[in-house]
Amino acid sequence: MLVGFFMINFNGEILDKDTVITTQNRGFAYGDALFETIKITHGNILFWEDHYFRLMASMRIMRMEIPMNFTMEFLELQIKNTIDNNGLSKSAARVKLTVYRNEGGLYNPETNDISYIISVKTIKDDFYKLNNAAYELDLFKDYYVSPSLLSTLKTNNKALNVVGSIYAKENDLNNCLVLNTDKKVIEALNGNVFLVKGNTIKTPPLNDGCLKGVMRTQLINIIKGLPEHEFIEDSISPFELQKADEIFITNVIVGIQPVSKYRKKMFSSEVSKLLIDKLNIKIRLG
């Protein structure tokens, strides 16, 4: 095996090669694919139920045929089998579960049957840690997201995120916030976004076009249980950003990433720290 190379799971078969698709693969040719990015800690799949049901709902929206054996238990076993075969059962890992429609047809597919690939990479931290390093962002305004049910899915259609990430790098930014066609802030390039103002914590609603993030769901549930804070799910105007006390970005790999600077405004990270502590307690309790 090559140094740094990990075996993959292709339709239940562990392979020591990374090339299992052709130029006719629909995920490659048309973005006709979905994926879940999942965090593993010592063989434990974090938030697996949320990932599984989001994937099933997304496959139905994409009109993919869900195999009879695609149960939560089956896919959990496939993920753990992939982790074990790569010697990562006692490590922290990032798993990518990709589901794509099988080859055939042009825009109109010849079949709705699917295949899947599970790939893994090692990551550093088992639990979530507060990163208080400088983290600056701005708005990405070259392209906008048209809100719809499709924009809430994790599909292979991520051209905006790619171009936006290049824009951020070119401008020495750590990230950018994405706008929808109504010029509302909906998310960051790699996660959902939350604003804190006083005792209010706010995030955009799904009907504004943001991703239905698994970490977003976890944090909403935690925030609703905090008596000292009020949770609001409502549209965010760019004008609100500089009035916020705190901004943070969420995804399942990083957890919570506090934003330190937006344009000339500097932010605190007290709520981010509180939520990371609550999140880690929830993980430890299972």
Next on the checklist: Under 3.5 Å, is there a donor on one side chain and an acceptor on the other for Asn132 and Ser269?
Outcome noted: yes
Checklist entry - How are the rings of Phe194 and Phe248 set to each other: parallel, tilted or perpendicular (split at 30° and 60°)? => result parallel
Next on the checklist: Please determine whether a side-chain nitrogen of the Lys or Arg among Arg263 and Asp138 lies less than 4.0 Å from a carboxylate oxygen of the Asp or Glu.
Outcome noted: yes
Checklist entry - Is Glu233 salt-bridged to Arg216, cutoff N-O under 4.0 Å? => result yes
Next on the checklist: Quick check against the 3.5 Å criterion: does Asn102 have a side-chain atom that pairs as donor or acceptor with the backbone of Ser115?
Outcome noted: yes
Checklist outcome for this item: In terms of heavy-atom contacts, Val259 and Phe267 come closest through O-CB, 3.3 Å
Checklist entry - Does atom NZ of Lys265 have more than 12 heavy-atom neighbours from other groups under 6.0 Å away? => result yes
Item to check | Side-chain H-bond candidate by donor/acceptor type, Glu136 with Asn174, under 3.5 Å | outcome: no
Checklist entry - Quick one: do Lys202 and Glu240 make a salt bridge, cutoff under 4.0 Å? => result yes
Next on the checklist: Among Asp113, Asp32, Thr111, which residue satisfies the side chain to side chain donor-acceptor pair (under 3.5 Å) criterion with Arg101?
Outcome noted: Asp32
Checklist entry - Is there a donor-acceptor contact under 3.5 Å linking the side chains of Gln24 and Thr22? => result no
Item to check | Salt-bridge present (Glu36, Lys96; N to O < 4.0 Å) | outcome: no
Next on the checklist: For residues Ile45 and Val99: do they belong to one hydrophobic cluster (side chain heavy atoms under 4.5 Å, members Ile, Leu, Val, Met, Phe, Trp, Tyr)?
Outcome noted: yes
Next on the checklist: Checking side-chain polar atoms at under 3.5 Å, does Asp50 have a donor or acceptor matched by the opposite partner on Gln218?
Outcome noted: yes
Checklist entry - Is the backbone of Ala133 close enough, under 3.5 Å, to the side chain of Asn131 for a donor and an acceptor to pair up by distance? => result yes
Next on the checklist: Between Asn9 and Thr82, do the side chains contain a donor N or O and an acceptor N or O under 3.5 Å apart?
Outcome noted: yes
Next on the checklist: I'd like to know if the side chain of Tyr167 pairs up with that of Asp142 as donor and acceptor (distance under 3.5 Å, no hydrogens or angles considered).
Outcome noted: no
Next on the checklist: With a 3.5 Å distance limit and no angle check, can you tell me whether Asn86 reaches the backbone of Met7 through a side-chain donor-acceptor pair?
Outcome noted: yes
Item to check | Close aromatic pair by centroid cut-off 6.0 Å: Tyr30 and Tyr107 | outcome: yes
Next on the checklist: Regarding Lys184 and Asp208, does a basic nitrogen lie under 4.0 Å from an acidic carboxylate oxygen?
Outcome noted: no
Checklist entry - With a 4.0 Å cut-off, would you call Lys273 and Asp277 a salt bridge? => result yes
Next on the checklist: Angle between ring planes, Tyr116 versus Phe74, binned at 30° and 60°: parallel, tilted or perpendicular?
Outcome noted: perpendicular
